[in-house]
Number of protein chains: 2
Amino acid sequence: MTNEQAASRFEHDYECYENVAATIGVIGGKWKMLIMWHVNQGSIRYNELRRSIPGISQKMLSQQLKELEQDGIIHREVYPETPPRVEYNITDYGHTLDPIFDLMDAWGETHRQTVGRGRTP
Amino acid sequence: MTNEQAASRFEHDYECYENVAATIGVIGGKWKMLIMWHVNQGSIRYNELRRSIPGISQKMLSQQLKELEQDGIIHREVYPETPPRVEYNITDYGHTLDPIFDLMDAWGETHRQTVGRGRTP
DNA sequence: CGGAATCCAGGATGATACTG
DNA sequence: CAGTATCATCCTGGATTCCG
């Protein structure tokens with residue numbers, strides 16, 4: 001392999017790495033999978049989510065919801081009533097992640113059976 | 001929806017979450033993508049990897065290599081020579097992750113163009 | 001050469017209290 | 001109800017040093 005080929009290969013690798021890292025950055029948060037899963041079932045409110053995800057703190061729920069919203073994965077709808085109501089939904093863009101989830105679900109299932117127990121972040 | 005249906009849905013959700021989390025646990029490490037990418041190109045030695053991944057510390061390289069090995073993604077071959085030589089390779093099992101990488105690469109590329117800049121872990 | 005062991009700083013996460 | 005603010009804590013990851 002020439003130096004040029006090596007360099008171009010490295011750049012391609014690095015591109016792919018950045019792409020995959022970006023994807024993990026969006027969906028890799030400690031609670032994001034769980035949050036997205038519930039939001040994926042349909043409109044859900046803040047405290048409903050909180051109850052649905054045992055162990056999550058308000059802080060992390062708010063933070064990760066905000067990140068998912070900023071990344072365009074979920075939509076936040078505020079209804080100016082009293083008491084206030086906020087509903088979260090998956091966006092069309094969020095649905096583009098579905099194929100990845102399906103693959104990861106399948107792979108993770110096999111892996112968990114194979115290894116018995118993996119690192120869970 | 002009945003309570004039973006809700007309960008079963010939650011368990012299914014939780015299963016999927018655990019599966020996906022396990023997958024992210026395996027490939028989500030800070031340097032794992034980059035490491036796997038290089039190992040994927042063929043047999044490579046410890047210090048070659050170190051040079052190929054600017055910025056990684058010995059500690060992280062050793063640690064993440066060990067985790068990838070424990071998870072069955074890469075294989076570590078020791079040649080008892082002097083000086084010692086150790087080579088790393090992707091396993092067949094490691095190759096089963098390829099489809100996920102492809103999807104994440106594609107999604108990440110689009111996402112980076114769309115958002116301009118995502119959270120990169 | 002290919003690591004392991006140690007120490008340490010900073011960010012991620014958690015618990016609690018408070019607010020519009 | 002749906003969060004924010006603040007403080008405590010834990011853990012990851014980096015730098016350094018040493019070993020077979």
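What you are looking at is a predicted structure, and each value in this text was computed from that prediction instead of being measured.
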Asks: Could you tell me whether A:Ser62 contacts a base, only the sugar-phosphate backbone, or nothing, with contacts defined as non-hydrogen atoms closer than 4.0 Å?
Replies: base
Asks: Classify the side chain of A:Glu48 and the base of D:dA2 as holding, or not holding, a donor-acceptor pair under 3.5 Å.
Replies: no
Asks: Closer than 4.0 Å, any side-chain N/O of A:Arg45 to the OP1 or OP2 of D:dA2?
Replies: yes
Asks: Of the options C:dG14, C:dG3, D:dC1, whose atoms approach the side-chain atoms of A:Met60 most closely?
Replies: C:dG14
Asks: Between C:dG2 atom P and B:Glu77 atom CD, what is the distance in whole Å?
Replies: 14 Å
Asks: Over how many whole Å does the gap from A:Leu49 atom CG to D:dG3 atom C1' extend?
Replies: 13 Å
Asks: Are B:Tyr93 and A:Trp107, when compared by the centres of their aromatic rings, separated by less than 6.0 Å?
Replies: yes
Asks: How do A:Pro84 and A:Gly29 order along DNA chain C: which one's closest nucleotide is nearer the 5' end?
Replies: A:Gly29
Asks: Under 3.5 Å, side chain of B:Thr91 to main-chain N/O of B:Ile73, donor-acceptor pair present?
Replies: yes
Asks: Tell me what B:Tyr88 touches on the nucleic acid: a base, only sugar-phosphate, or nothing, going by heavy atoms under 4.0 Å.
Replies: sugar-phosphate
Asks: Taking B:Ser43 for its side chain and B:Glu87 for its backbone only, find out whether a donor-acceptor pair lies under 3.5 Å.
Replies: no
Asks: Take the protein atom CD1 of B:Ile56 and the nucleotide atom C1' of D:dT12, then report the distance between them rounded to whole Å.
Replies: 13 Å
Asks: Assess whether a salt bridge exists between B:Arg45 and B:Glu77, defined as any Lys/Arg side-chain N lying under 4.0 Å from an Asp/Glu carboxylate O.
Replies: no
Asks: Distance check: side-chain N/O of A:Lys66 vs OP1/OP2 of D:dT4, anything under 4.0 Å?
Replies: yes
Asks: Hey, is the main chain of B:Ala106 close enough, under 3.5 Å, to the side chain of B:Thr110 for a donor-acceptor pair?
Replies: yes
Asks: Strictly below 4.0 Å: does A:Trp31 bring a side-chain N or O up to OP1 or OP2 of C:dA12?
Replies: no
Asks: How do A:Pro83 and A:Gln63 order along DNA chain D: which one's closest nucleotide is nearer the 5' end?
Replies: A:Pro83
Asks: With the side chain of A:Asn47 defined as its heavy atoms from C-beta on, choose the nearest nucleotide among D:dG3, D:dA2, C:dG14.
Replies: D:dA2
Asks: State which of D:dT17, D:dA2, D:dT4 makes the closest approach to the side chain of A:Gln58.
Replies: D:dT4
Asks: Take the protein atom CG of A:Leu61 and the nucleotide atom P of C:dG14, then report the distance between them rounded to whole Å.
Replies: 12 Å
Asks: Is A:Arg76 near enough to D:dG3 that one of its side-chain N or O atoms lies under 4.0 angstrom from OP1 or OP2?
Replies: yes
Asks: Let's test your reading of the model: under 3.5 Å, does the base of C:dT13 pair with the side chain of A:Lys59 as donor and acceptor?
Replies: yes
Asks: Indicate, with a heavy-atom threshold strictly under 4.0 Å, whether A:Arg50 touches base, sugar-phosphate, or nothing.
Replies: nothing
Asks: Nearest to the B:Lys30 side chain among C:dT13, D:dG13, D:dA2, which nucleotide is it?
Replies: D:dG13
